[in-house]
Amino acid sequence: MRMPGVKQHKRHKRAQGCAAGLPFREAQHESLITQDLDDDDEPDASSSDIARPEQAGLPDRIGFLGAGKMGEALIRGFLASGVSVPSNISASVRNAERQRALSMLGIQIFGSATDGGAAEIAANSDIIILGVKPHQMDAVLSSLAPHVTTNHLIISIAAGIRISSIENALPDATHVVRVMPNTPCLIREAASAYVLGNHATPLDASRTFALMRSVGVAVTVEERMMDAVTGLSGSGPAYVFLMVEALADGAVASGLPRDKALFLAAQTVAGASRMVLEGGGNGGIAHPALLKDHVTSPAGTTIAGLAELEACGVRSAFMRAVKAASRRSEELT
């Protein structure tokens with residue numbers, strides 16, 4: 001059976017040799033505004049450790065156990081990217097309203113996981129994505145366990161649920177990967193992180209990377225870092241939405257019409273973020289502090305605004321928000 005290809009969005013294209021989707025460059029090509037994100041305390045990944053979409057024999061069938069807002073965003077992202085088609089995606093959801101909404105996407109719908117949905121998903125899927133809320137996970141895993149084989153890849157997107165908890169609830173040698181995506185996967189701009197379980201194979205890594213790379217970027221992390229990932233990229237879109245709204249409000253207060261203020265605020269955030277990701281036009285990852293200095297003229301308008309932000313503790317507020325969300329992720333364990 002021919003596997004569907006993984007289409008690349010132009011803005012997501014990365015040069016060959018990228019590690020887990022991040023555009024690192026050789027040391028001799030580093031610029032002053034490029035920050036190397038490699039962890040000096042960890043060994044460099046060998047070529048066999050780097051998962052690339054072209055190496056992934058993606059299974060045709062993807063099943064979701066639970067498909068709330070994040071699950072639906074992933075489904076829509078997979079369909080938009082061409083990584084799958086509606087006839088190869090199924091979902092088990094218990095809420096009738098959610099069932100109707102998802103059925104509009106053309107995918108197959110099964111009932112609650114604990115009322116036979118888990119068995120149906122296992123029978124009709126090669127990859128099973130666990131998208132239920134943390135407090136529902138034990139019951140769902142109990143229903144799924146009798147139907148899981150070593151041919152399945154189990155991907156959990158549930159916040160705070162450790163790999164060991166999932167592996168202990170499923171048969172021995174089950175292939176498990178933990179992923180933290182975020183809602184921009186809906187427009188193929190996700191920032192995802194993933195961790196391989198004890199029995200996950202290089203092919204599992206490639207499959208996971210290909211799926212998440214089709215809807216954005218993806219990096220591998222150690223599981224101890226996943227709570228921080230949850231607090232940053234998992235919850236981060238909400239912080240940015242708040243920031244865009246506040247920027248627009250400020251412009252409206254200064255006399256700009258609401259529609260133009262919101263448009264310019266959103267594009268300003270998008271453009272500034274792209275400059276960080278593209279090294280200010282020089283490639284690589286740019287340190288935002290240096291980019292900030294390039295915009296800030298002596299006694300100019302920008303430094304006046306920055307002084308107000310510092311006086312209001314905006315930097316500290318964002319740091320506290322990420323730490324608070326990270327702590328909450330830990331509490332869900």
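Along the sequence shown, residues are numbered consecutively beginning with 1.
- Between atom OG of residue Ser156 and atom OH of residue Tyr194 there is a gap of 16.0 Å, rounded to the nearest 0.5 Å.
- In this structure, Glu223 CD and Leu196 CG are separated by 10.5 Å, a value rounded to the nearest 0.5 Å.
- The list of salt bridge (Lys or Arg N to Asp or Glu O under 4.0 Å) pairs with a residue in residues 149-172, not counting sequence neighbours, reads Arg162-Asp227.
- When all heavy atoms of Leu79 and Leu105 are compared, the closest pair comes out as CD1-O, 4.3 Å.
- Within the 4.5 Å cutoff, side-chain heavy atoms of Leu74 are placed close to those of Phe64.
- In the hydrophobic clustering of ILVMFWY residues, with side-chain heavy atoms under 4.5 Å counting as a link, Ile285 and Leu232 come out apart.
- By the side-chain contact (heavy atoms from CB on, under 4.5 Å) test, Val269 pairs with Val240, Met243, Val244, Leu247, Ser273, sequence neighbours left out.
- Between Val276 and Leu291, some side-chain heavy-atom pair lies under the 4.5 Å cut-off.
- Considering only heavy atoms from C-beta on, Leu211 comes within 4.5 Å of Ile62 through its side chain.
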With a cut-off of 3.5 Å and sequence neighbours excluded, list every side-chain donor-acceptor pair involving residues 313-320.
| unit_1 | atom_1 | unit_2 | atom_2 | d |
| --- | --- | --- | --- | --- |
| Arg315 | NE | Glu310 | OE2 | 3.3 |
| Arg315 | NH2 | Glu310 | OE2 | 2.8 |

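- Annotation: side chain to side chain donor-acceptor pair (under 3.5 Å) contacts of Asn124 (sequence neighbours excluded): none.
- By the 4.5 Å heavy-atom criterion applied to side chains, Leu332 and Ile161 are not counted as neighbours.
- Side-chain atoms of Val295 and Asp293, non-hydrogen and from C-beta on, never get closer than 4.5 Å to each other.
- Closest of all the heavy-atom pairs between Gly231 and Ala325 is CA-CB, 3.5 Å.
- The side chain to side chain donor-acceptor pair (under 3.5 Å) test applied to Thr201 returns Asp204, not counting sequence neighbours.
- Residues satisfying the salt bridge (charged side-chain N to carboxylate O under 4.0 Å, His left out) test with Glu331, not counting sequence neighbours, are Arg328.
- With sequence neighbours excluded, the residues satisfying side-chain contact (heavy atoms from CB on, under 4.5 Å) with Leu264 are Leu256.
- Considering all non-hydrogen atoms of both residues, Ala248 and Ala265 come closest at N-CB, 4.0 Å.
- Nearest heavy-atom pair, Ala321 versus Tyr239, reported as atom, atom and distance to 0.1 Å: O-OH, 3.3 Å.
- Side-chain contact between Met180 and Ile157 is absent, with no heavy atoms from C-beta onward closer than 4.5 Å.
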For this session: Given side chain to side chain contact (heavy atoms under 4.5 Å, CB included), test Met70 with Thr183 step by step and report yes or no.
Result: CA-CA 6 Å; Met70 182 63 72; Thr183 52; 3.9 Å; yes
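- When hydrophobic side chains of Ile, Leu, Val, Met, Phe, Trp and Tyr are connected at separations under 4.5 Å, Leu242 ends up as a singleton with no cluster partners.
- Put simply, CG on Asn88 and CD1 on Ile127 are 11.5 Å apart, with the number rounded to the nearest 0.5 Å.
- With sequence neighbours excluded, the residues satisfying side-chain contact (heavy atoms from CB on, under 4.5 Å) with Ala122 are Ile128, Leu144, His147, His152.
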Exercise. Can you list the steps and then say if Val179 with Met212 is a side chain to side chain contact (heavy atoms under 4.5 Å, CB included)?
Worked result: CA-CA 9 Å; Val179 177; Met212 303 318 300; 4.0 Å; yes
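- When all heavy atoms of Ala193 and Met226 are compared, the closest pair comes out as O-CE, 3.8 Å.
- The closest side-chain heavy-atom distance from Ile129 to Leu65 is not below 4.5 Å.
- In this structure, CD in Glu330 is found 9.5 Å from OG1 in Thr230, a value given to the nearest 0.5 Å.
- Screening residues 63-76 for side chain to side chain donor-acceptor pair (under 3.5 Å), with sequence neighbours left out, gives Glu72-Arg76, Glu72-Arg98.
- Between Leu130 atom CG and Arg178 atom CZ the span is 12.0 Å, to the nearest 0.5 Å.
- Note that OG of Ser125 and CD1 of Ile89 are 10.0 Å apart. Values are rounded to the nearest 0.5 Å.
- Contact of the Val217 side chain with the Ser192 side chain is not registered, since no non-hydrogen atoms from C-beta on lie closer than 4.5 Å.
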For this session: Decide yes or no on side chain to side chain contact (heavy atoms under 4.5 Å, CB included) for His175 and Ile154, but give the supporting numbers first.
Result: CA-CA 6 Å; His175 300 206; Ile154 310 298; over 6 Å; no
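- Looking at every heavy atom in both residues, Asn182 comes nearest to Ala190 through OD1-CA, 3.2 Å.
- No chain of hydrophobic side-chain contacts below 4.5 Å, direct or via other Ile, Leu, Val, Met, Phe, Trp or Tyr residues, connects Phe241 to Leu186.
- Evaluation of the salt bridge (charged side-chain N to carboxylate O under 4.0 Å, His left out) rule for Arg258 yields Asp249 as partners, not counting sequence neighbours.
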Can you list, pair by pair, the side-chain donor-acceptor contacts under 3.5 Å of residues 107-119, counting residues two or more places apart and other chains?
| unit_1 | atom_1 | unit_2 | atom_2 | d |
| --- | --- | --- | --- | --- |
| Ser112 | OG | Thr114 | N | 3.4 |
| Ser112 | OG | Thr114 | OG1 | 3.1 |

